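Remarks on the structure that follows.
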Protein chains: 2
Amino acid sequence: MQSFIQWNPTRLWFGEGQIKQLQQELSTAGKRVLLVYGGGSIRKNGVYDAVMGQLLNSQAVVVEMSGVEPNPRLTTVHKGIEICRSNQIDLILAVGGGSVIDCAKAISVGVYYEGDVWDIITRKAESKKALQLGTILTLAATGSEMNNISVITNWDRNEKRGWSSPLAYPAFSILDPAYTTSVPLDQTVYGIVDMMSHVLEQYFHRTEHAPMMDRFMEGVLLTVMEAAPKLLSNMQDVEHRATIMYAGTTAFNGLLSCGTDGGDWATHQIEHGLSAVYDIPHGGGLAIVFPNWMSHCAEDDPSRMKKLAMTVFGIDDTGKTDHEVAIEGIQALRQFWDSLGAPNKLGYYGIDDQRIEELVHKSFMKSTIGQYKVMTRDTVRDILMRSLA
Amino acid sequence: MQSFIQWNPTRLWFGEGQIKQLQQELSTAGKRVLLVYGGGSIRKNGVYDAVMGQLLNSQAVVVEMSGVEPNPRLTTVHKGIEICRSNQIDLILAVGGGSVIDCAKAISVGVYYEGDVWDIITRKAESKKALQLGTILTLAATGSEMNNISVITNWDRNEKRGWSSPLAYPAFSILDPAYTTSVPLDQTVYGIVDMMSHVLEQYFHRTEHAPMMDRFMEGVLLTVMEAAPKLLSNMQDVEHRATIMYAGTTAFNGLLSCGTDGGDWATHQIEHGLSAVYDIPHGGGLAIVFPNWMSHCAEDDPSRMKKLAMTVFGIDDTGKTDHEVAIEGIQALRQFWDSLGAPNKLGYYGIDDQRIEELVHKSFMKSTIGQYKVMTRDTVRDILMRSLA
């Protein structure tokens, strides 16, 4: 095991009706609230009314900012910062999925930074102070509700950047699985792929001895794979929504990397390149790229892919090479994602090899990407070529 | 799944050499430190010197209190409270195992309470304020380093009481597995039984749908059972010490009950009765009682024992009744603990049926005990009788 710190300050309120905790949280957080949300689905599914009811009961002064995009944009973050400053906001309340929360995180650290918040996102400056942030999650996917990570896209530069700060943990997050029953099929599937990908990125570590965390990661994957088909056959089932929702949080709240080197994450960098150029859904991009990253890397070292194949996909290794077992596991993962209806080729989004060099370039927003296997421009290009058709 | 809050404020520094974090923690915690420890083993194994080195480098003013007992006593807590008050202590630093930490927790809430801290321990009063607490763990067992629970024994009344408070979480805990390499065989085994028992208590819940937590609990048990024999064959092995140490923390830091009813805990109550009358080691009492609690309860409802038997002990259920599968699992657990050298009969401690009614009585320090099966005096007596010889 490697040395680590385990610490997560977010209060996670989970379960049906937990919205009632909002009043208690507001009693210490201050009265001037910026309500941040996305395209307005929360106005149709009743979540907006439930949140506003709590805010009114708390005599909060509410300023609204709607229209946060999937792949949230730096320009939207700038707008939020201005609203906070001119309205003396005490608390940002993000109601939505990972995009809304990620945008709110960037606003919260940007409010107290004199320069452009893009400096913090690109790690040129460090955040010293942040506005308090609370979240009401309406989409199970990114885990942003209980971590300090955010991803923002700068369309002036076609750059999609992940960043983190100890100040970016939500103070509280309220997760009511009933709020996710109206999430449509495609978003539900993208969320499932996203949370599974977060586990997989962490699973592809090179720490020799992390037996409990390996079992936890396998446990999250098995749980999601057991619940997902049941959920898709009955999208209103709150119990399966709850299982998926809590798995999504656990997949990426820091726990699963305790004692390991943190995992690989090259696939996420490659997907950020794709989304930065083509604005495709993150979960869709991951579903296409991840198995190809796995088969690329299994050619050098199939050890972790083999372990995954045996523990999660129940592949029998009798009489097979490690590489053969690994490939069977990768095929099983692909089949599972196919069975949910996730895309498996870039052609699905009309992407061909025309801008492939730009995609390679946009994957390298960090100086090195990949840890299970350190990527070069050639290896990234190979993975993208495998992903085309 | 049931509703829950997931929140744990303790900063857990884990790994070899993490003692260096103490200086950073002290920089914000204040300079007047009460150093609490037990029988003095930390003076022999180098931990005392390492801690004092950090304290001196931080220009801390250190007051020492040694001699905290296994099954720590109310009288010792009283003594600690007096020392804190008369020395204007800013931070209590507990260096030791669960007993030392539990004692320090009671001191930390007692300092600011005007009456007898026993009121807080018996839940007649609520703690409103506590001194800051840090811990340096030297024994993997109770999980006290990352939870808000403490167990104190009042020998005037022969009562051993568990209590908790939101204020009783350590602010930080430093876990260096190398500090546990000198723990002798019996204490190592008791610790392993204790942490496995914490998982088992939580595993015997009645929440219908908690698939991820079930897998996490099975994962902790499998990890401990894999590492324990390897550790006992090489007690100096830091890697296996690390695995066991982190499993012990994870077994009882709140995570494993997220979404469940919390589990049973009758066995712990029965063991507290035993320790309150005979002052036997907690882990020893648990090893004796738990399989007997399981076989008693499996007669009414073997469902969870069967699940444990199949997932953790690999029992095949072909052609067997649920009860038969459950019993095979219970036997496998007993065999595993036997293989470590844990006691399996009360006779091991010279306990016979002479004071059995007193033991039954002392098990009922709470109005109801048990949740998987609610205990009566008769059922507790039955479990104790099964445990005699």
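Every chain is numbered from 1 and lettered A, B, ... according to where its sequence line falls, protein lines coming before strand lines. Keep in mind it's a predicted model, so treat the numbers as computed, not measured.
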| Relative to chain B, which segment of A:L175 carries a heavy atom at a distance below 4.5 Å: side chain, backbone, both, or neither? | neither
| Using non-hydrogen atoms only, which part of B:E226 is less than 4.5 Å away from chain A: side chain, backbone, both, or neither? | side chain
| said: Working to the nearest 0.5 angstrom, can you tell me the gap between B:E218 CD and A:F216 CZ? | reply: 11.0 Å
| task | Check the surroundings of atom CD in A:E126: do more than 12 heavy atoms from other residues, nucleotides or ligands lie under 6.0 Å from it? | result | no
| message | In the structure I gave you, are the side-chain heavy atoms of B:T243 and A:M212 within less than 4.5 Å of one another anywhere? | response | no
| task | Identify which part of A:T250 has an atom lying under 4.5 Å from any heavy atom of chain B, answering side chain, backbone, both or neither. | result | side chain
| Does A:L255 reach the side chain of B:L255, with side-chain heavy atoms less than 4.5 Å apart? | yes
| task | Under the side chain to side chain contact (heavy atoms under 4.5 Å, CB included) rule, what do B:R215 and A:R215 come out as? Steps first, then yes or no, please. | result | CA-CA 8 Å; B:R215 288 191 173 95; A:R215 289 191 173 93; over 6 Å; no
| query | How many angstroms lie between OG1 in B:T10 and CG in A:N8, if you round to the nearest 0.5 Å? | reply | 12.0 Å
| query | Is it the side chain or the backbone of B:P9 that comes within 4.5 Å of chain A heavy atoms, both, or neither? | reply | backbone
| request: Could you tell me whether a side-chain N or O of A:Q6 sits under 3.5 Å from a main-chain N or O of B:R11, the two making a donor and an acceptor? | output: no
| query | Checking side chain to side chain contact (heavy atoms under 4.5 Å, CB included) for the pair A:M1/B:F14: CA distance, chi angles, key distance, verdict? | reply | CA-CA 10 Å; A:M1 255 195 279; B:F14 190 99; 4.2 Å; yes
| request: With a 4.5 angstrom heavy-atom cut-off, could you sort out which part of B:N253 is near chain A: side chain, backbone, both or neither? | output: side chain
| request: Before giving the answer on side chain to side chain contact (heavy atoms under 4.5 Å, CB included), spell out for A:Y246 and B:M213 the whole-Å C-alpha distance, their side-chain angles and the decisive distance to 0.1 Å. | output: CA-CA 10 Å; A:Y246 189 42; B:M213 279 309 133; 3.5 Å; yes
| task | Would you give the length of the straight line joining atom CH2 of B:W13 to atom CZ of A:F4, rounded to the nearest 0.5 angstrom? | result | 11.5 Å
| field | Greatest number of heavy atom pairs closer than 4.5 Å to chain B - which of A:L222, A:V224, A:V238, A:T249 | value | A:L222
| task | Answer with side chain, backbone, both or neither: which region of A:F172 has an atom nearer than 4.5 Å to a non-hydrogen atom of chain B? | result | neither
| request: Using modelled atom types only, decide if a donor and an acceptor are shared between the side chain of A:E16 and the backbone of B:S3 within a distance under 3.5 Å. | output: no
